[in-house]
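Protein chains get the first letters and strands the later ones, always in sequence-line order, with residue 1 at the start of each.
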Amino acid sequence: MEPSPTIEFSNTGKVLFPSLGITKGRVIEYYIRMAPRMLPHLEDRAVMLHRFPEGVDHEGFYEKDAPAGTPSWVTTAVHHSETADRDIHYIVCDRPETLAWLANLASLELHVTLSRVGNPRVPLFAFFDLDPQPPAQFPEAAEVALQLRDLLVEAGVRSYLKTSGKKGLHVLIPLEEKYTFRQVRDAVHSAGILLSRRSDRVVHEASSRAKRPGSVLVDYAQNAAWKTMICPYSLRAREEATVSMPISWQALESGARPEDFNIGTVSSKMDDPWRGILSDRQEIWTESE
DNA sequence: GTTAGCA
DNA sequence: TGCTAACAACGCTGG
DNA sequence: CCAGCG
Ligand SMILES: [Mn+2]
Ligand SMILES: [Mn+2]
């Protein structure tokens, strides 16, 4: 075991969300207080950072490879990227100190893989990424999410919902660790096709011609090894400092909105609508109709 | 935001 | 020692 | 194979 780390926080007064005056210190405090909720989703997964050292009004950058200066107590896992023909040393955020260190790097957004870093080809979830196509907004995504819920209920599946923190919604189904991404992606795609038959609002392909304005895309392509999803409770790099928030289906029906959940309103004391998700492992459903 | 490299 | 430039993503699909 | 997208 490495010695207990001490982290030197820098520029804690620097404003990262100008329109709300939120400083980096507030961001660090947020991630420290949310660590109990976030670590179960981070501790054995690769993480990708979306960093904004100059704040959300400036361009950010993604970071996968652990940067020079990564402390020795930070866990990393090597993966060889075929595309880039190089090794990537993914950060594995398996302790609160790592979360605090990432926050100090101005990693406003944390994106996680859908599989364990030690078993990257086996998905932990089926992931429905619901993307409203302008001028469609959150209400349209909510309408489609509720239709998707009905379809999944018919198939006997328990599903879990979160806001993306932007305008979309994410629906997850935790799985037995025995499927390939191909199997899961195909099942999500099929459900998208079925949903598009039931609702004119739904589109199931991301091609530019298929993405009709005002529709909601059921984006199945995110179900792949080394693709990522915004981590539950991660901040989003938006002016409003919103959070990707796990919510109940009941809350969605009652008119919950993405902007209800932000750095000022979210705490780890709130009820957890995702309690038990990581042990609620289910079989892939088979659709009828 | 941090580090490597150079004056 | 102090300053500054460089650097920080890739997997997947459609065409 | 490349461009575009998330
Ligand atoms: Mn999305
Ligand atoms: Mn998407």
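Within the nucleic acid shown, A/Ser10 comes within 4.0 Å of sugar-phosphate atoms alone, with no base atom in reach, counting heavy atoms only. In this structure, A/Lys166 reaches neither bases nor backbone, as no heavy-atom distance under 4.0 Å exists between it and the strands shown.
For the P atom pair drawn from C/dG11 and B/dG1, the interatomic distance equals 28 Å after rounding to whole Å. Separating the C1' atom of C/dC10 from that of B/dT2 is a span of 23 Å, rounded to the nearest Å. The same atom, C1', is picked in B/dA4 and in C/dA8; the two are 14 Å apart, to the nearest Å.
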Which atoms of nucleotides 2-7 of chain C (N or O only) lie under 3.5 Å from a protein N or O atom, and what are those distances?
none

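For A/Lys162 (side chain) and A/Leu172 (main-chain N/O), no donor-acceptor pair under 3.5 Å exists by modelled atom type. Using modelled atom types, no side-chain atom of A/Ser159 and backbone atom of A/Arg149 make a donor-acceptor pair closer than 3.5 Å. Within the 3.5 Å criterion, the main-chain N or O of A/Gly168 finds no donor-acceptor partner in the side chain of A/Asp131. Looking only at distances, a side-chain donor or acceptor of A/Trp274 sits under 3.5 Å from a matching main-chain atom of A/Leu161.
Exactly one of A/Arg236, A/Arg238, A/Arg51 qualifies for a salt bridge (Lys or Arg N to Asp or Glu O under 4.0 Å) with A/Glu109. That residue is A/Arg236.
The span of DNA chain B lying next to chain A, judged by atoms under 4.0 Å from heavy atoms, is bounded 5' to 3' by B/dG1 to B/dT3.
Ring pair A/His50/A/Tyr62 is parallel by interplanar angle, where below 30° counts as parallel and above 60° as perpendicular.
For A/Tyr90 and A/Trp226, the ring centers sit closer than 6.0 Å to each other. The ring of A/His204 has its center no closer than 6.0 angstrom to the ring center of A/Tyr220.
Environment of CZ in A/Arg121: sparse, with no more than 12 heavy atoms of neighbouring residues, nucleotides or ligands closer than 6.0 Å.
Salt bridge status for A/Arg198 with A/Asp150: absent, with no side-chain N to carboxylate O gap under 4.0 Å.
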B/S/- contact track for nucleotides 8-15 of chain C, protein heavy atom under 4.0 Å = BBSBSSS-
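Both A/Met34 and A/Ile7 sit in one connected hydrophobic cluster of ILVMFWY residues. Membership requires side-chain heavy atoms under 4.5 Å apart, directly or through other members.
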